Protein chains: 2
Amino acid sequence: MKKTSLNDIANKLGVSKSLVSLVLNGKAKQNRIGDEISEKVLKLAKELNYQPNQIARSLRLGRSETIALIVADISNPFFARMGRAVEDEADKFGFKVIFSSSDENPDKLGELLNVLIDRQVDGFIISPTIKSKEYILKLKKNNIPFVLIDRCLPPIKTNSVVVDNYNSTYYAVKFMLEKGYKKTGFITVSSGLSNMKERLLGYKDAMKNFGVRGYGSYIREVDYKNFNESVGEAVKELLLTQNNLRALFFATLRVGMAAIKSINDLKLRIPQDVAVISFDDADAYQIFYPPITAIAQPIDMMSSEAVKILINEIKQKNVKTEKTQIVLPTEFIIRESCC
Amino acid sequence: MKKTSLNDIANKLGVSKSLVSLVLNGKAKQNRIGDEISEKVLKLAKELNYQPNQIARSLRLGRSETIALIVADISNPFFARMGRAVEDEADKFGFKVIFSSSDENPDKLGELLNVLIDRQVDGFIISPTIKSKEYILKLKKNNIPFVLIDRCLPPIKTNSVVVDNYNSTYYAVKFMLEKGYKKTGFITVSSGLSNMKERLLGYKDAMKNFGVRGYGSYIREVDYKNFNESVGEAVKELLLTQNNLRALFFATLRVGMAAIKSINDLKLRIPQDVAVISFDDADAYQIFYPPITAIAQPIDMMSSEAVKILINEIKQKNVKTEKTQIVLPTEFIIRESCC
DNA sequence: TCATTTTGCTAAATTGGTTTAGCTTTTTTT
DNA sequence: AAAAAAAGCTAAACCAATTTAGCAAAATGA
């Protein structure tokens with residue numbers, strides 16, 4: 001059973017496919033198509049359940065009404081939620097979303113961009129990896145619409161939607177300090193990404209301003225490879241060796257999940273033995289006992305803003321648009337893991 | 001900066017674009033294209049960084065090398081992991097993936113299928129919702145390749161990849177009973193889906209065979225709307241009222257997450273006050289204290305099998321292929337939540 | 001009545017590839 | 001030397017839409 005095409009309708013009514021196309025695109029009036037024939041076309045199209053072939057449309061129009069979301073790993077709950085929110089917002093504009101995971105690998109990111117551009121995606125929402133500057137600049141130079149999300153590449157002026165990483169961290173750490181946890185450790189990933197830098201800076205400034213000395217040794221930057229083991233090592237070092245810390249701040253959800261697991265393995269109790277706060281929130285943190293205090297990013301809003309900016313730029317592709325930078329506040333959710 | 005097209009290459013070399021196309025598709029030999037000109041084409045294509053426009057290709061070939069994955073909700077960790085695994089396996093074949101969430105709504109599923117068919121996706125991997133039989137049958141009738149995953153629609157013969165829900169549940173419940181938890185409650189979602197039916201049956205048979213009577217009142221089926229609250233209610237009822245149960249089996253990850261949260265809220269301890277086992281595994285279950293005993297589905301294998309079956313069918317679209325039904329075993333991971 | 005405008009529609013180009021049939025020219029066969 | 005075969009390449013159709021220029025007929029104007 002072949003799908004109905006413009007030609008099928010045209011032939012059945014004995015008119016040209018131009019006419020059918022014009023009518024179905026609502027351009028009957030401005031092209032002086034008669035009311036009578038217009039109605040016939042509309043009626044038959046409905047009867048035959050005509051749906052235009054989007055591939056043919058894309059080829060002719062040079063756009064596909066598809067955007068691509070490139071994140072580190074779509075199975076990470078943070079990005080999964082982002083994926084869902086992007087999907088929903090894009091749907092409002094009739095856009096579909098292709099998801100791709102870069103695995104924090106800049107070359108994979110570059111390859112994905114190439115492949116997806118050949119597939120005529122209209123634009124990208126990207127959570128950039130380290131060392132991806134080159135590829136992002138190429139997009140910019142070629143005037144391909146894109147929005148960076150979660151992380152940005154500061155010197156380069158691009159559309160971006162991020163949260164206030166510095167202040168979010170600053171205030172959370174300050175909260176910890178005021179609770180009496182002067183020795184608060186900080187575990188982060190060694191990525192050099194903007195968001196991670198800002199979070200680290202927020203921590204450092206909070207410690208500095210509170211007059212804590214020697215906090216440099218409370219910081220652990222963990223590499224992506226052997227991630228869980230490395231986080232475990234960091235936790236063990238901070239809690240069991242020289243520093244004798246009693247509080248930890250986790251710079252991301254992934255760090256937090258791995259760290260909490262190793263705290264459990266060490267048979268230490270939260271918050272009695274060690275108080276914790278994590279950047280990012282997740283279901284797991286809510287059901288945990290005790291529930292984990294978290295800095296929740298407004299994922300839905302970040303995603304919908306990113307989609308709006310992107311689609312706006314796509315719709316005025318030729319027009320030179322100003323780049324939009326959005327910084328959203330986070331929500332500090334105090335739960336029992338730190339009191 | 002426009003992209004290089006076949007024509008650009010053809011014009012620069014003063015040959016036809018047919019020739020260029022044949023050479024670049026490796027069909028030079030069989031079409032008796034001279035070696036000399038072949039090499040020139042290859043060289044120039046590389047120089048100009050030629051990448052074929054996939055939309056044009058798709059239009060001509062009637063395929064897009066894109067598949068769609070339709071699940072209930074891509075932000076659910078179970079489906080997010082599936083999404084990632086599907087993405088990776090599809091990538092091996094040069095296919096891209098469009099993700100869509102049906103929200104367990106059959107009409108949304110139907111609409112998605114329509115839209116995605118118009119976009120010429122080559123096939124679908126679908127976790128079907130309730131009442132989606134009509135739409136699935138339509139796919140089948142129109143000879144559109146698809147594979148059902150996680151859930152199937154038994155009377156209809158389709159490709160499917162599921163796990164052995166009945167036995168997995170049977171043995172987990174039996175394990176619980178043998179540990180002495182005769183009164184084991186069962187909380188599931190009232191979906192009528194194959195997987196849920198089988199899990200319930202596994203529970204019932206285990207209880208029956210163990211000689212437990214009156215287990216009908218230990219069962220709670222929860223509706224999708226007001227999900228978390230309803231699960232909370234079910235937990236409260238089972239644990240605090242007539243039955244006085246001391247063990248619970250959760251039929252899905254979502255049920256488990258919501259239930260554990262309300263167990264925490266009730267200030268009950270796992271496993272001292274209530275032992276729990278959940279179908280599905282997740283990071284959250286591993287980091288939980290105590291870690292939750294779980295029936296882990298082989299998500300990676302399910303996903304890669306589904307992709308393989310699908311792409312195989314896509315590649316021989318006209319050939320009438322036998323439908324493949326795969327049932328995979330689960331892994332029963334005993335942790336401390338039930339001992 | 002003839003020129004002009006308006007109305008209603010269509011042919012054809014375009015998008016960028018793939019593929020088939022067939023046209024020259026050269027080489028081989030008889 | 002004529003016929004047959006092979007080599008090397010191209011024109012054109014095709015995929016299914018969108019869009020522009022323009023034709024023919026009807027309506028209007030002078």
Side-chain angles (χ1 to χ4, degrees), chain A residues 2-42 45 48-66 94 115 117-122 317, chain B residues 2-42 45 48-66 94 115 117-122 317:
Chain A
K2 226 179 114 287
K3 288 208 52 175
T4 356
S5 75
L6 267 192
N7 251 324
D8 297 338
I9 299 183
N11 290 338
K12 286 205 176 148
L13 291 176
V15 296
S16 73
K17 63 174 176 176
S18 319
L19 185 145
V20 178
S21 172
L22 292 171
V23 170
L24 294 179
N25 285 301
K27 299 182 179 169
K29 275 284 168 299
Q30 71 199 73
N31 283 77
R32 307 187 304 263
I33 309 291
D35 289 348
E36 207 172 319
I37 191 71
S38 279
E39 272 169 40
K40 274 189 196 166
V41 169
L42 257 17
L48 298 178
N49 189 30
Y50 170 75
Q51 302 285 133
N53 178 322
Q54 295 296 336
I55 294 284
R57 250 186 127 243
S58 296
L59 178 59
R60 179 62 230 257
L61 298 178
R63 55 185 155 84
S64 58
E65 257 136 37
T66 303
V115 171
I117 288 170
D118 296 336
R119 287 175 179 249
Q120 303 285 117
V121 301
D122 296 332
K317 180 90 183 272
Chain B
K2 225 179 114 288
K3 287 207 55 175
T4 345
S5 75
L6 268 193
N7 254 324
D8 297 339
I9 298 182
N11 291 338
K12 284 204 180 155
L13 292 175
V15 296
S16 73
K17 65 173 177 177
S18 320
L19 185 146
V20 178
S21 171
L22 291 171
V23 170
L24 294 178
N25 285 300
K27 299 181 179 170
K29 275 283 167 299
Q30 72 199 70
N31 284 78
R32 308 186 304 263
I33 309 290
D35 289 348
E36 208 172 318
I37 191 70
S38 279
E39 273 169 39
K40 275 190 194 165
V41 169
L42 257 17
L48 298 179
N49 190 30
Y50 170 75
Q51 303 284 135
N53 178 323
Q54 295 296 335
I55 293 283
R57 252 186 124 241
S58 297
L59 180 60
R60 178 63 229 255
L61 298 179
R63 56 186 154 83
S64 58
E65 258 135 37
T66 303
V115 171
I117 289 170
D118 297 334
R119 287 175 179 249
Q120 304 284 117
V121 300
D122 296 332
K317 179 90 184 272

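Just so we're clear, the structure is a prediction, and the values are computed from it rather than from any experiment. Sequence lines set the chain letters: A, B, ... in the order given, protein chains first and strands last, and positions in each chain run from 1.
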request  = Could you state the atom-to-atom distance from CZ of B:Arg60 to P of D:dA17 in whole Å?
outcome  = 16 Å
request  = Considering just the side-chain nitrogens and oxygens of B:Ser21, establish if one lies under 4.0 Å of OP1 or OP2 belonging to C:dT18.
outcome  = yes
inquiry  = Within the structure provided, determine whether A:Ser38 and A:Val41 are in side-chain contact (heavy-atom separation under 4.5 Å).
reply    = no
ask   = In whole angstroms, how far is the C1' atom of D:dA6 from the NZ atom of B:Lys29?
value = 15 Å
ask   = Is any side-chain N of the basic residue among A:Asp118 and B:Arg57 closer than 4.0 Å to the acidic one's carboxylate O?
value = no
note = By nearest-nucleotide position on DNA chain D, the 5'-leaning member of B:Ile37 and A:Arg57 is B:Ile37
query = Nearest of D:dA11, C:dG16, C:dA11 to any side-chain atom of A:Ser18?
reply = C:dA11
task = Measure the distance from CG on B:Leu24 to C1' on C:dT19 and round it to the nearest whole Å.
result = 15 Å
task = Starting from C1' on D:dT20, measure out to CG on A:Asn25 and report it in whole angstrom.
result = 15 Å
Ion pair B:Lys29/B:Asp35, N-O distance below 4.0 Å = yes
task = Send over the distance from A:Leu61 CG to C:dA13 P, rounded to a whole Å.
result = 20 Å
inquiry  = Closest approach to the side chain of A:Ala56, judged atom by atom: which nucleotide of C:dT10, C:dG17, D:dA17 is it?
reply    = D:dA17
inquiry  = Distance check needed: D:dC14 P versus B:Ile55 CD1, whole Å only.
reply    = 22 Å
request  = Starting from P on C:dT18, measure out to CD on B:Glu65 and report it in whole angstrom.
outcome  = 11 Å
query = Quick one: is B:Tyr50 getting a side-chain N or O under 4.0 Å of the C:dG17 phosphate, OP1 or OP2?
reply = yes
note = Closest of C:dG16, D:dA16, D:dA11 to the A:Asn53 side chain is D:dA16
ask   = What about A:Arg32: does its side chain form a donor-acceptor pair under 3.5 Å with the base of C:dG8?
value = yes
ask   = Among D:dC9, C:dG17, D:dA17, which nucleotide sits nearest the side chain of B:Ile33?
value = D:dC9
ask   = Starting at the 5' end of DNA chain C and moving along, which residue's nearest nucleotide shows up first, A:Ser38 or A:Lys17?
value = A:Ser38
request  = Just compare C:dA12, C:dT20, C:dT7 and give me whichever is closest to any side-chain atom of B:Asn31.
outcome  = C:dT20
ask   = About how many Å separate OG of B:Ser58 and CD1 of A:Ile55, when rounded to the nearest 0.5 Å?
value = 4.5 Å
request  = Take atom CG of A:Leu13 and atom C1' of C:dG8, then tell me their distance rounded to the nearest Å.
outcome  = 15 Å
